[in-house]
Amino acid sequence: MQKVVVFTTGGTIAMKPDPAGCGVVPAVSGADLLEAVPGLKDLCNVEVREFSNIPSCQMTPQRMLELACQVARAQKEGDVQGVVITHGTDTIEESAYLLDTVLCDEKPVVFTAAMRAASDTSADGPANIACAVRTALDDAARGLGVVVVLNEQIHAAAEVTKTHAANPAAFASPWWGPLGYVDADRVIIARRPAVRRHFCPPALGGEVYLLKMCAGCDASVLDMLIERRAAGFVVEGFGRGNVPPLVQQAMLRAVRLGIPVVLTTRCGAGRPYYAYGYEGGGKIFHENGIIFAGDTSGPKARLRLMLALGMTSDMQALHSFFD
Ligand code: ASP
């Protein structure tokens, strides 16, 4: 019988109300989580490995990297067909993205989660786990990279995002759409994601800050972080990557001081581009060493810069990680 390793990390999928009435908290063991999935034992041999039991607001890039190492080891085991990771929905897209960047084995790695707690009416966890395990077992999922499976949809780690705070249909890949879906009798993959560059540093390269732009914001936060010698910044600009003029000046100051600055768009889809030549426009960034993040979202670009800084601090070389 084929084998799937399920790493449990926590999240609402493993939560129940606290007996003292303090709200929903981590409570369900890995074994109990799988016990709640009807028919799972008939699908394959499932081995649970408890990595953590935390809400995903407590997940960190360091923990993600440790998880990646354990997953890489599991992928090397000859009898393992694929890996499933249960996670909180709040930061699942970040963990999935980090693992997608550092792992290069063809064997499927499938993240899943639940929007409803294990104790809620119509909890979505068991069905999501079943779909994730079926995806991990399917040859069509080999070489897809890390995917996120919820609500029967299969999303690429680089494209997926949580789009609603509570609804079970919260996950989407805006402008791209899912890679496929899990149907009653088979897993259907309609397209394969773009080719990705994999790299795995021995350690993360320091704290990178993400700053989201809004109309009229000034440079105080950026200046404070420059003074504290932050390892790097990601700025979510408007539209094509434009920012308020004061912020623009601070970003250029940071680069002159050797602090890498990555530019993304706050639009949720599309790329920053050197279209506008006015004060605050993106053109000057292109000419002055700011790194353009392409389609990568702000939180994912932050992880990418932290990983890239673990490989090099050379500005020119850092650009190549975002090409
Ligand atoms: N707060 C939860 C988390 O751990 C949300 C969820 O899993 O849906 O991310």
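Note: hydrogens, waters and symmetry copies are ignored here, and every other heavy atom, side chains too, is used. Counting convention: from 1, in listed order, for ligands and their atoms alike.
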task: Examine Cys57 against ligand 1 and note whether any of their N/O atoms are separated by less than 3.5 Å.
output: no

From Ile129 atom CD1 to Leu33 atom CG, the distance as rounded to the nearest 0.5 Å: 4.0 Å

- prompt: Only one of Lys212, Arg302, Arg266 forms a salt bridge (Lys or Arg N to Asp or Glu O under 4.0 Å) with Glu236, so which one is it?
  reply: Lys212

Cationic N near anionic O, under 4.0 Å, Lys162 to Glu93: no

Nitrogen or oxygen of His87 less than 3.5 angstrom from that of ligand 1: no

- prompt: Could an N or O of ligand 1 be found under 3.5 Å from any N or O of Asp90, whether backbone or side chain?
  reply: yes

query: Distance from Lys300 atom NZ to Glu159 atom CD, nearest 0.5 Å?
result: 8.0 Å

- line: Closest to atom 6 (C) of ligand 1 by heavy-atom distance, out of Leu150, Ile92, Thr12, is Thr12

field: Carboxylate-amine/guanidinium proximity below 4.0 Å for Arg253 and Asp223
entry: yes

field: Short N or O distance, Ser56 and ligand 1, threshold 3.5 Å exclusive
entry: yes

query: So is Ala114 in contact with ligand 1, going by heavy-atom distances below 4.0 Å?
result: yes

- line: Within the 4.0 Å heavy-atom cut-off, what Ala113 brings close to ligand 1 is neither

